[in-house]
Structure formats: C-alpha cells, structure tokens
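Let me begin by presenting the structure, written as structure tokens, before commenting on it.
Protein chains get the first letters and strands the later ones, always in sequence-line order, with residue 1 at the start of each.
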Amino acid sequence: MKLPQEFYRREDVLQLSRELLGKVLCTRIDGELARVVITETEAYAGVADKASHAYGGRRTKRTEPMFAAGGAAYVYLCYGIHHLFNVVSNVENVPHAILIRAGKPLEGVEAMLMRRQKLTVDRTLLGGPGSLAKALGITTRLTGKSLQGNEVWIEDRQILLTANEIVASPRIGVDYAEEDALRPYRFRADAQITYE
DNA sequence: CGAATGATATACT
DNA sequence: GTATATCATTCGA
C-alpha cells in the first residue's frame, strides 16, 4: 500500500530518512512497472543546511518543488547527466528533502536492465543515485509530482529492518558545505533484507 | 585515478 | 541577454 501524505509531512527529516530504508520505491513509466527496496538515503535539512539546494531559503525554478508540502518528488539534473530522485518532506515552505541513493531490485528487473543497458543484475544496477534513477526511468519530468499519483510512489511492504542495521555516516560529495559537510545525514542498510 | 558531461545559478554587459 | 563557474556523479583505465 502507498504511504499516506502524513508520513512525509512530519518535522524530523532524519527520522524520516531512517524510516524510508526498507520501503519500496515504485515507478510506472512508459507502462513499465518497477519496484526497488530503498537501502540508502541522505537527509537535506532545509534552509539551515549548507549542503541543501534550499540553503538560506534559495528559491528558484529548480528548487521550487522542495518548498511544497511533503509527499512529492523533487528530481533534478546533476553533472549534466544524472537525474537524482528526492522525496520532499515536512510542511509547505519548509524545504526538507531526502535523496534516495541506492536500492535493491524487487520487480520489473527486465525494464531496469533495459534502461541501464545491462544484461545481468549486479550491485551497480541500482548502486548510486544516478544509476538508481536511470534504472527506474526517472527524469526531471517527474519533479513536483505527487507520490500519491500513478507514475511514482512509495509503498510499505513490511520489509524487516531493525534499527541497529542502519549505519549513519557523512554525506557524499558535499565538501563545500563547511561545518555541515560532516553531519551523519546518510543512512545505509547494507545488511541483507528479509521479507515477511 | 581522472576525464567527461550539460543544466543551472549567478554575475555580469 | 550572454557568459562561465559550479556541481547531492559515473565510467573506464
């Protein structure tokens, strides 16, 4: 079942980042259904976080979706090539977001292999935010879309993860963020995933 | 390890 | 309107 709006609209973006681990990110693009278990996330804590695009309340055409109420997608292009998928959280005008960095395939493996131009499943299929978005067919076309729609959404499949399997560490590629660069806002669930 | 990639923000004319 | 520095990265040695 789809996670409800309220799930995304809470205040604690760090807690939400942890809870997204083990949830199932789903897309239906070009008629191809794909499902992925989320195994790595990064929190971007709004206007006070120097690593965030919305730092200091910077509001542009690109960052606009982050200022909407939680429960929508924020997709942007990085390094000219990679589409990165984020989940918008918190209430309107509080631009918190969570970057989905990695996952494990669950359904729609054929479509993912096709999009990634690969023949076999390995850890690079969904390893890294750019690869993950590509495998799922996510592009900037989806930015600002609601997660209650039928193109992209997140489900709770009762996948079992215990808190101590989650490892927190500094975020990737944010050296420029000064004192915020070392904050442990990255969450990984490397341990094998079991299904109920 | 290092190059490649192009949209975006920002600072100009 | 135009320029250019800057990237929440990937891929191939």
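- Within 4.0 Å (heavy atoms only), Arg62(A) reaches sugar-phosphate atoms of the nucleic acid but no base atom.
- Per the geometry, OH belonging to Tyr74(A) stands 10 Å off P belonging to dA8(C), to the nearest Å.
- Of the candidates dA9(B), dA7(B), dC7(C), the closest approach to any side-chain atom of Leu77(A) belongs to dA7(B).
- Looking at heavy-atom distances under 4.0 Å, Ile172(A) makes contact with sugar-phosphate atoms alone, never a base.
- Remark: C1' of dA9(B) and CD of Glu64(A) are 15 Å apart, rounded to the nearest angstrom.
- Within 6.0 Å of CD on Glu11(A) lie no more than 12 heavy atoms contributed by other residues, nucleotides or ligands.
- Remark: C1' of dT6(C) and OH of Tyr55(A) are 17 Å apart, rounded to the nearest angstrom.
- Residue-environment remark: CD (Glu179(A)) exceeds the threshold of 12 foreign heavy atoms within 6.0 Å.
- No side-chain heavy atom of Pro95(A) sits less than 4.5 Å from a side-chain heavy atom of Thr63(A).
- Under the Watson-Crick or G-U wobble criterion, with both distances below 3.5 Å, dT4(C) is paired with dA9(B).
- Rounded to whole angstrom, the span from the CG atom of Leu84(A) across to the P atom of dT8(B) amounts to 13 Å.
- For dT9(C), the OP1/OP2 oxygens have a side-chain nitrogen or oxygen of Arg101(A) closer than 4.0 Å.
- Among the protein residues, Arg116(A) comes within range of the sugar-phosphate backbone only, with heavy atoms under 4.0 Å from sugar or phosphate atoms but none that close to a base.
- When the nucleotides dT5(B), dT10(C), dT10(B) are ranked by their closest atom to the side chain of Thr60(A), dT10(B) comes out on top.
- Distance OH (Tyr76(A)) to C1' (dA9(B)): 14 Å, rounded to an integer number of Å.
- In this structure, Thr124(A) reaches neither bases nor backbone, as no heavy-atom distance under 4.0 Å exists between it and the strands shown.
- Heavy atoms of other residues, nucleotides or ligands lying less than 6.0 angstrom from CG of Asp30(A) number 12 at most.
- In this entry the distance linking OH of Tyr79(A) with P of dC7(C) reads 8 Å, nearest Å.
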Discussion item. Quick one, Arg141(A) with Glu151(A), criterion salt bridge (Lys or Arg N to Asp or Glu O under 4.0 Å). Give me CA distance, side-chain angles, the key distance, then yes/no.
Written reply: CA-CA 11 Å; Arg141(A) 190 178 66 77; Glu151(A) 289 189 289; 3.1 Å; yes
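- In this structure, Tyr44(A) forms an aromatic stack with the base of dA8(C), since both conditions hold: centre separation below 5.5 Å and plane angle below 30°.
- In this structure, Glu40(A) places its CD atom 10 Å from P of dT9(C), rounding to the nearest Å.
- Between His82(A) atom NE2 and dA3(B) atom C1' there is a gap of 12 Å when expressed in whole angstrom units.
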